[in-house]
Amino acid sequence: MSTSTVARARAIRWWDHVTPAPKDPINSVTEAFLADPCPYKINLGVGAYRDDEGKPIVLQCVREAQAKIESSNFLESNSTAVSSKLVEESAKLVYGEDSDVIKEGRFAGVPALSGTGACHLFAELQRRLYPNSRIYLPDPTWSNHHNIWRDAHVAKKTFRYYHPDSKGLDFMALMDDVKNAPDGSFFLLHPCAHNPTGVDPSYEQWKEISSLFKVKNHFPFFDMAYQGFASGDLERDARAIRIFLEDGHLIGCAQSFAKNMGLYGHRVGCLSVLCDDKTQAVAIKSQLQQIARTMYGSPPIHGILLVSKILSDPDIKATWLKEVKVMATRVQRMRAALRDSLEKLGSSLDWQHITNQVGMFCFSGLTPDEVDRLAKEFHIYMTYDGRISMAGVTTKNVDYLANAIHEVTASDQDAKVLCNLRA
Amino acid sequence: MAPPDPILGVSEAFKADNHELKLNLGVGAYRTEELQPYVLNVVKKADQLLLEKGENREYLPIEGLAAFNKVTAELLLGADNPVIKQQKVATVQGLSGTGSLRLAAALIERYFPGAQVLISSPTWGNHKNIFNDARVPWSEYRYYDPKTVGLDFEGMISDIKAAPEGSFILLHGCAHNPTGIDPTPEQWEKIADVIQEKNHIPFFDIAYQGFASGSLDADASSVRMFVARGMEVVAAQSYSKNLGLYAERIGAINVVCSSPDAAARVKSQLKRIARPMYSNPPVHGARIVANVVGDPTLFKEWNEEMEMMAGRIKNCDNMTNKWHVYMTKDGRISLAGLSLAKCEYLADAIIDSYHNVS
């Protein structure tokens with residue numbers, strides 16, 4: 001046998017030791033939903049906006065921006081300019097139109113692969129500049145936050161956030177954990193429309209948190225994925241960040257245009273890091289660009305063109321602001337409708353958290369077993385933590401949903417009745 | 001402060017320069033006569049189709065657009081390739097060549113801790129950076145021989161042989177960057193022999209499929225030969241050059257495994273790596289490629305446009321064949337190889353190649 005035949009005879013198998021990865025908890029909900037043939041199934045899993053027909057939409061502002069882009073000849077020489085425009089306009093949304101930070105160029109800003117990409121860049125930067133630091137994540141938080149900092153090799157801890165009994169904020173425990181963390185710790189905060197709980201600190205609470213952060217010299221990193229979805233007003237939803245800005249913190253902020261512009265698949269967002277001065281900003285920006293260069297080079301231009309156009313064209317921007325309000329309002333209406341429906345069914349459980357919580361998600365309080373039953377018996381899909389994406393609720397399906405929840409919580413209701421009887 | 005990227009830094013400096021006669025001979029990106037990035041006609045058509053369809057902008061799955069993944073694997077390996085039919089290929093959409101290489105690097109780091117990647121000397125500047133940031137050790141194998149201005153084949157084979165068993169050998173599928181020098185088919189067979197002998201893993205970077213010879217199939221012959229031998233192969237693809245989609249960041253990582261089960265497991269781990277990096281890949285470029293490659297009319301047109309682009313590269317062949325000036329097929333020249341005495345000669349060569357070669 002020739003050498004090459006011998007070589008060919010030996011078939012090497014390199015991947016035997018590779019185990020199947022666990023499924024992503026959020027994506028697997030969508031997969032299960034898609035696989036279900038039931039015509040009246042409901043997807044309450046992924047945080048993607050749907051209209052009242054349950055359909056994904058393309059915003060009018062996006063269509064208009066698209067038309068303007070098509071008609072102009074994109075020259076390569078524009079790409080840096082367009083990226084810079086995106087960063088500048090994005091920063092205005094976070095820090096304010098007239099912010100000094102922007103005027104003085106005191107921030108490092110780069111376009112990023114939506115919110116995930118922005119968080120990832122920051123996590124990598126954190127490891128490079130503060131290799132022994134940790135990130136404090138709220139408990140609970142978006143599941144992918146844990147993956148991001150873990151893969152960036154940054155140690156993680158959690159701080160108390162959600163109070164399961166009140167289904168609201170555990171403010172005392174939060175402040176306690178912030179106080180007990182070593183000085184100069186890195187904290188991840190959701191500035192509005194917390195994912196998955198929908199529970200946000202009040203204005204006064206944010207002020208107290210900011211003060212304590214100042215005392216402790218902590219680094220506040222904001223992940224803003226839902227600006228506009230909490231109140232319907234983008235400025236109002238940035239309030240928490242503005243408080244920190246006023247108090248003189250040098251913050252970091254990840255922004256996503258996936259939800260509020262409906263540009264999910266285009267992966268467009270922004271990472272900004274406030275700096276002492278312009279020199280520092282230039283240095284940090286170069287580090288971020290270098291991190292990005294070995295990961296994917298640069299972000300895709302299509303999304304950048306769209307967002308840059310939407311934000312810099314006053315008419316299109318005005319349309320966008322109106323559309324954000326429409327989306328947020330519809331979600332708020334569905335919250336009211338769901339709560340109303342459950343109360344009308346005579347549920348003895350307390351459902352006010354449905355309307356107290358804000359943004360796209362409702363942390364329903366449903367148990368994993370109940371979530372399972374909802375999927376198997378009612379073809380209603382949500383993540384096991386009981387998080388409901390309210391954007392998936394429509395006028396047509398809200399009563400069906402309420403009925404289903406009412407049914408699966410029957411034993412909880414019985415337990416409550418028994419409890420009350422005994423008391 | 002991070003140092004400017006050696007390649008992109010040139011483009012940045014070029015953009016900052018206001019002189020009317022400026023010329024960018026930096027990045028290896030195809031240009032029109034007006035020196036604008038060339039937007040292929042098929043891409044314009046595909047783009048128009050997308051606009052008319054009014055596709056939504058929802059998230060792609062983590063592994064990317066299914067239609068894209070199907071056509072990209074077929075383009076690389078041939079639609080009738082048994083490994084595709086037997087579902088032995090794990091394909092995940094990546095952000096161009098860079099993103100796809102990074103996914104592979106992360107997979108190597110996780111599942112072959114300590115294993116080295118052997119890269120050619122020289123190679124594309126970003127290869128080292130990618131493996132460094134992914135914490136994958138690398139070393140070099142001899143490739144370019146300045147004495148012969150050709151491939152140092154003996155050196156290459158020798159260095160691959162000397163590498164510890166189970167190393168990943170990074171090979172440029174075609175149109176080696178930056179030298180433009182590719183092994184002959186016979187040399188490829190010998191390279192495959194030694195990789196098999198040493199239980200190494202072939203890791204292809206295919207950034208120029210179709211661009212090297214004008215034929216998509218011919219340019220994939222090296223990869224296909226390895227796969228035909230029953231070898232498990234890792235292959236990163238990019239559509240930055242051959243479809244001019246640099247800015248849209250579209251590519252793929254393919255892992256040809258020995259079984260469908262292995263392919264499924266590998267794919268799941270690639271997804272696990274991608275999720276914290278960027279959650280899911282961008283949709284626009286993927287749709288364009290899927291439309292162009294998946295539509296017989298557009299695909300045929302693409303092949304024709306490719307030949308035309310490769311034809312411009314015939315200017316470069318004229319430089320070599322007629323004037324004995326050696327440069328990479330994508331038109332890249334290194335002025336470091338130029339002496340004062342030869343400037344006029346080079347000028348003559350360039351003028352002749354542009355004016356007299358159609």
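Lettering follows sequence order; numbering is per chain, from 1. These figures come from a predicted structure and were not determined experimentally.
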Evaluation steps, side-chain contact (heavy atoms from CB on, under 4.5 Å), between B/M277 and A/L121: CA-CA 9 Å; B/M277 269 191 201; A/L121 286 179; over 6 Å; no
Side chain B/R57, main chain A/Y264, donor-acceptor under 3.5 Å: no
Where A/G297 and B/T98 come nearest, the two heavy atoms and their spacing: N-CG2, 3.8 Å
Residues A/H153, B/R135; criterion side-chain contact (heavy atoms from CB on, under 4.5 Å); working and verdict: CA-CA 12 Å; A/H153 303 283; B/R135 301 162 181 232; 3.7 Å; yes
Over all atoms of both residues, closest heavy-atom pair of B/R275 and A/T116: O-CG2, 3.4 Å
Contact class of B/S96 relative to chain A, heavy atoms under 4.5 angstrom: neither
Part of residues 59-67 of chain B lying next to chain A, heavy-atom separation under 4.5 Å: B/Y59, B/I62
Minimal non-hydrogen separation, A/H266 against B/P282, with atom names: O-CB, 4.2 Å
Which atoms of A/V282 approach chain B - backbone, side chain, both or neither, heavy atom under 4.5 Å: both
Exam field: side chain B/E248 to backbone A/P300, donor-acceptor pair closer than 3.5 Å: no
Least distance between heavy atoms, A/D151 atom then B/P276 atom: OD2-CG, 3.4 Å
Atom NZ of A/K156: over 12 foreign heavy atoms under 6.0 Å: yes
Heavy-atom proximity to chain B below 4.5 Å, by part of A/Q280: neither
Exercise: do A/T294 and B/R102 side chains pair donor with acceptor under 3.5 Å: yes
Ring geometry between A/H17 and B/Y111 (parallel below 30°, tilted from 30 to 60°, perpendicular above 60°): perpendicular
Partner chain B: residue of A/N147, A/T19, A/V62, A/L263 with the largest heavy-atom pair count (under 4.5 Å): A/T19
Check: A/W15 ring centre within less than 6.0 Å of B/F112 ring centre: yes
A/R63 portion near chain B, given a 4.5 angstrom heavy-atom threshold: neither
Check: A/R267/B/N280 side-chain N/O donor and acceptor closer than 3.5 Å: yes
Best-contacting candidate, A/S298, A/A118, A/G117, against chain B by heavy atom pairs under 4.5 angstrom: A/S298
Structural part of A/S114 lying under 4.5 Å from a heavy atom of chain B: neither
Rounded distance [0.5 Å steps], OH in A/Y296 versus OG in B/S100: 14.5 Å
Per-residue contact mode, A/L59 against chain B (heavy atom under 4.5 angstrom): neither
Side chain, backbone, both or neither of A/L306 within contact of chain B (heavy atoms, under 4.5 Å): side chain
Top of A/H146, A/K23, A/R50 for chain B proximity - count of heavy-atom pairs under 4.5 angstrom: A/R50
B/V266 vs A/W14 side-chain heavy atoms within contact, under 4.5 Å: no
Engaged part of A/V58 at the chain B interface, taking heavy atoms whose separation is under 4.5 Å: side chain
Nearest heavy-atom neighbours spanning B/N56 and A/P56: ND2-CG, 4.2 Å
Least distance between heavy atoms, B/N126 atom then A/R293 atom: ND2-O, 3.1 Å
Which portion of B/V233 sits near chain A, non-hydrogen atoms under 4.5 angstrom: neither
Electrostatic pair B/E58-A/K55, nearest N-O below 4.0 angstrom: no
Residue B/L103 versus chain A: region with a heavy atom under 4.5 Å: neither
Heavy-atom pair count under 4.5 Å with chain A, highest-scoring of B/A134, B/S268, B/G94: B/S268
Region of B/E55 in contact with chain A, defined by heavy-atom distances below 4.5 Å: backbone
Proximal component of B/L107, with respect to chain A [non-hydrogen, under 4.5 Å]: side chain
Pairs of heavy atoms under 4.5 Å with chain B: top-ranked of A/I148, A/T279, A/I284: A/I148
